[in-house]
Amino acid sequence: MNRPSERLRFGRKMRIKHGRDFARLREQGGRLAIGCLVANWLQLPSGSKTRLGVVCGSKVGNAVVRARAKRLLRETFRLNQLKLACPIDLVLVARPSIVGKEFAMVERDFVAVLKKAGLFQAGEASR
C-alpha cells in the first residue's frame, strides 16, 4: 500500500497535449497491442518526467462511452506510475473491446503491456 505522503497524482504537466508529440511517439517509439488497448511509448533521458496521452476514436462508441474509456486508462496509469522502470512518454489508444470492461480487466491489460515491453521495475513485475 502507498503511504499517505505518497499521493499518486496525474496533473497537467504529466499529460501529452500536442499533436506533434503524439506523432513523434507513433513514428519513433515502440508499439504493442494487448487486449483492449494499444501502447506507444518512447523512453526519455533519466531525470525527465513521465507523461501520458490517451486516444479514443469514434469506433469505440459515443461520447459517454469514449469518456469512460479514457477515464479508465488514465486511472490505470495513475495507480501504476510508480512501478515504471524509467521515465517514458506513453500514449494509450483504446480499442473497441474496452467497452463494458471493468477497471480490473483494463488494468490487467495495461500491466501486461508494460511487462511485455520491459517498462516495469524488476521487483514490481509480479502482482
Checklist entry - Is it true that a side-chain atom of Arg31 and a backbone atom of Val38 form a donor plus acceptor pair closer than 3.5 Å? => result no

Item to check | Hydrophobic cluster identity match, Leu44 and Leu114, side-chain contacts under 4.5 Å | outcome: no

Checklist entry - Around Gln28, counting heavy atoms of other residues, nucleotides and ligands shown, do more than 12 lie under 6.0 Å from its CD? => result yes

Checklist entry - Taking all non-hydrogen atoms of both residues, which atom of Cys56 and which atom of Arg66 are closest, and how far apart? => result O-CD, 3.6 Å

Next on the checklist: Show me the pairs that pass ring-ring contact (aromatic ring centres under 6.0 Å, His included) and involve residues 87-119, at least two apart or across chains.
Outcome noted: none

Checklist entry - If you take all heavy atoms of Pro87 and Ser46, which pair is closest and at what distance? => result CG-CA, 4.1 Å

Checklist entry - Atom NZ in Lys115, atom CG in Leu32: separation rounded to 0.5 Å? => result 13.5 Å

Next on the checklist: Could you check whether any side-chain heavy atom of Gln81 comes within less than 4.5 Å of a side-chain heavy atom of Thr50, counting everything from C-beta outward?
Outcome noted: no

Checklist entry - Do Leu90 and Val113 share a hydrophobic cluster (ILVMFWY, side-chain heavy atoms under 4.5 Å, transitive)? => result yes

Checklist entry - Excluding sequence neighbours, so at least two apart, what forms salt bridge (charged side-chain N to carboxylate O under 4.0 Å, His left out) with Lys70? => result none

Next on the checklist: I'd like to know if the side chain of Gln121 reaches the main chain of Leu84, judged simply by a donor and an acceptor atom lying under 3.5 Å from each other, with no hydrogens or angles considered.
Outcome noted: yes

Next on the checklist: Please list all pairs meeting ring-ring contact (aromatic ring centres under 6.0 Å, His included) that have one or both residues in residues 80-100, counting only residues at least two apart or in different chains.
Outcome noted: none

Counting only pairs under 3.5 Å, give me each side-chain donor-acceptor contact of residues 13-27, with atom names and distances, residues two or more places apart or in other chains.
residue, atom, partner, partner atom, Å
Arg24, NH2, Asp89, OD2, 3.0

Next on the checklist: With heavy-atom distances below 4.5 Å as the criterion, would you say the side chains of Val64 and Arg68 are in contact?
Outcome noted: no

Checklist entry - Counting only N and O atoms by type, is there a donor-acceptor contact under 3.5 Å from the side chain of Arg95 to the main-chain atoms of Gly35? => result yes

Item to check | Between CE on residue Met105 and OG on residue Ser97, distance to nearest 0.5 Å | outcome: 9.0 Å

Checklist entry - Can you name the closest pair of heavy atoms from Ile98 and Ala69 and give their distance? => result CG2-CB, 3.8 Å

Item to check | Hphob cluster co-occupancy, Val91 + Phe120, side-chain heavy atoms under 4.5 angstrom | outcome: no

Next on the checklist: Nearest 0.5 angstrom please: Arg108 CZ to Thr76 OG1, how far?
Outcome noted: 11.5 Å

Item to check | Reported CD1-to-NZ distance for the pair Ile34 and Lys116, which is rounded to 0.5 angstrom | outcome: 5.0 Å

Item to check | Pair listing, ring-ring contact (aromatic ring centres under 6.0 Å, His included) test, anchored in residues 26-52, at least two apart | outcome: none

Checklist entry - Same cluster for Val55 and Leu72 if Ile/Leu/Val/Met/Phe/Trp/Tyr side chains link at under 4.5 Å? => result no

Checklist entry - Ignoring hydrogens and geometry, is there a side-chain-to-backbone donor-acceptor pair from Asn80 to Lys83 under 3.5 Å? => result no

Checklist entry - Would a 4.5 Å heavy-atom cut-off, applied to side chains only, mark Val106 and Cys36 as touching? => result yes

Next on the checklist: Quick check for you: to the nearest 0.5 Å, what is the distance between Lys101 atom NZ and Leu37 atom CG?
Outcome noted: 8.5 Å

Checklist entry - If you round to the nearest 0.5 Å, how far is OG of Ser48 from CD1 of Ile88? => result 12.0 Å

Checklist entry - Could you give all pairs that pass the ring-ring contact (aromatic ring centres under 6.0 Å, His included) test and reach residues 60-102, with sequence neighbours left out? => result Phe10-Phe77

Item to check | Hphob cluster co-occupancy, Leu82 + Val111, side-chain heavy atoms under 4.5 angstrom | outcome: yes

Item to check | Minimum heavy-atom distance Ala39-Leu92, with the two atoms named | outcome: CB-CD2, 4.0 Å

